[in-house]
Amino acid sequence: MTLLSASWGVSLLGKSLSRWRSNGRRLGIVVLFIVAGTGLWEFQERQHKDAYTWMGVPTWEAFSPTTMHRVLRNDGYLVGWSDVRINPLWVSYQVEAVGDDTRIGSRPNFQADWRTLWPIGTGDYAGSGYDRGHMAPNYAIAAVHGRSAQVDTFLMSNMTPQRPQLNRQLWQRLEEAVMDHFAPRFDHLQVITGPVFPANFMDNVFNRVGFVEVPEAFYKIIVAPHSDAPLALAFVMPQDVRGNEPLDDYLVTIDEIEALTGLNFFPDLSADVEAVLEGELRTQGWALEEVSRRPGRFQ
DNA sequence: TTTAATGT
């Protein structure tokens with residue numbers, strides 16, 4: 001009797017041990033999948049970010065609701081999306097020189113982006129007096145990165161309200177200079193662009209088109225990332241312009257844009273390179289005088 | 001007039 005119960009006890013113990021072992025094996029496989037999957041995701045994420053940024057994606061200092069954002073990945077460009085401003089705080093993309101005769105596909109339709117959480121419809125800007133202004137531009141992205149990237153630039157998460165005189169004149173002239181003048185000079189450029197808001201959030205909190213807060217200005221940073229001595233050019237352009245102003249009237253340093261936006265651009269730069277690239281206004285090498293007063297194509 | 005966009 002005691003022998004029987006003892007053997008029963010041993011076999012029970014053996015069963016629970018083997019179950020424990022097979023559960024353990026199953027758990028091991030699950031953990032392996034999580035580790036491998038996370039690693040693969042990290043790898044792809046980094047590859048994607050490296051392809052569209054130089055010296056790191058923009059970051060924000062400490063806790064700040066108006067500058068914190070999350071990165072949306074698109075074909076051809078990245079977006080730093082703010083659920084507070086309900087705006088793309090920055091877009092990052094790279095361009096290369098393309099031929100003068102480069103033709104792109106016809107303009108795609110604007111499209112809603114469910115990732116914004118806020119429902120931003122394609123018709124929300126109608127009658128507002130503001131254009132749906134691209135941050136990552138249609139032409140440059142299409143010419144360099146192809147059709148599916150071009151389609152992505154028409155996501156509403158890439159739009160922010162721009163006065164027509166700015167969007168169709170001064171800003172368009174700047175975008176044209178990037179592709180027709182700067183890209184051929186340097187072969188390869190890193191561009192970061194986005195909106196500027198008033199210093200006091202409450203001053204502007206109800207100034208919106210639909211859900212989207214209206215910026216007071218826009219910045220564009222253009223970098224020629226030479227390995228030894230990178231060059232940078234930066235602009236801030238306000239909403240209220242005539243459109244025919246010289247581009248170089250709006251030159252600023254990257255430090256000034258960081259002060260206006262609360263963002264830190266190119267966080268991976270070494271301190272000594274950063275001090276020169278971001279703190280000094282240097283226009284040598286860009287031949288700005290050749291494009292500064294070029295007229296717009298849409299008069 | 002499509003390297004911008006609106007409104008018809």
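Lettering of chains follows the sequences in order, A, B, ..., and the numbering in each one begins at 1.
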More than 12 foreign heavy atoms under 6.0 Å from CZ of A:R73: is that the case here?
-> yes

Quick one: does NZ or CZ of A:R107 land under 6.0 Å from the six-membered ring centre of A:F154, within 45 degrees of the ring axis?
-> no

State, without any angle test, whether A:N158 and A:R132 hold a side-chain donor-acceptor pair at a distance under 3.5 Å.
-> no

For B:dT6 versus B:dT2, give the span between their C1' atoms, rounded off to a whole number of Å.
-> 14 Å

Take atom C1' in B:dT1 and the same atom in B:dA5, then report the distance between them in whole Å.
-> 14 Å

Closest nucleotide of DNA chain B for A:R168 versus for A:I104: which of these residues is on the 5' side?
-> A:I104

In terms of the nearest nucleotide of DNA chain B, which residue is placed more toward the 5' end: A:D180 or A:Y130?
-> A:D180

Check residues 251-260 of chain A and write down every donor-acceptor pair under 3.5 Å in which the side-chain atom is one partner and the other belongs to a residue at least two apart or another chain.
from	atom 1	to	atom 2	distance (Å)
A:T253	OG1	A:E256	N	3.1
A:T253	OG1	A:E256	OE2	3.2
A:E256	OE2	A:T253	N	3.0
A:E258	OE2	A:F265	N	2.8

From the 5' end of DNA chain B to its 3' end, which nucleotides mark the outer limits of contact with chain A, defined by a 4.0 Å heavy-atom distance cut-off (strictly under)?
-> B:dT3 to B:dG7

Kindly write out the residues that satisfy ring pair (Phe, Tyr, Trp, His ring centres under 6.0 Å) with A:F235, not counting sequence neighbours, or none if the list is empty.
-> none

Taken in chain and number order and not counting sequence neighbours, the residues that satisfy ring pair (Phe, Tyr, Trp, His ring centres under 6.0 Å) with A:F266 are A:W54

Distance in Å, A:Y139 OH paired with A:E176 CD, rounded so as to fall on 0.5 Å steps = 9.0 Å

Within residues 135-145 of chain A, the residues having a heavy atom closer than 4.0 Å to DNA chain B are A:N138, A:Y139

Scan A:G127 against the nucleic acid and name what it touches under 4.0 Å (heavy atoms): base, sugar-phosphate only, or nothing.
-> sugar-phosphate

Apart from A:M202 itself, which Ile, Leu, Val, Met, Phe, Trp or Tyr residues share its cluster (side-chain heavy atoms under 4.5 Å, direct or through members)?
-> A:V84, A:F201, A:V205, A:F206

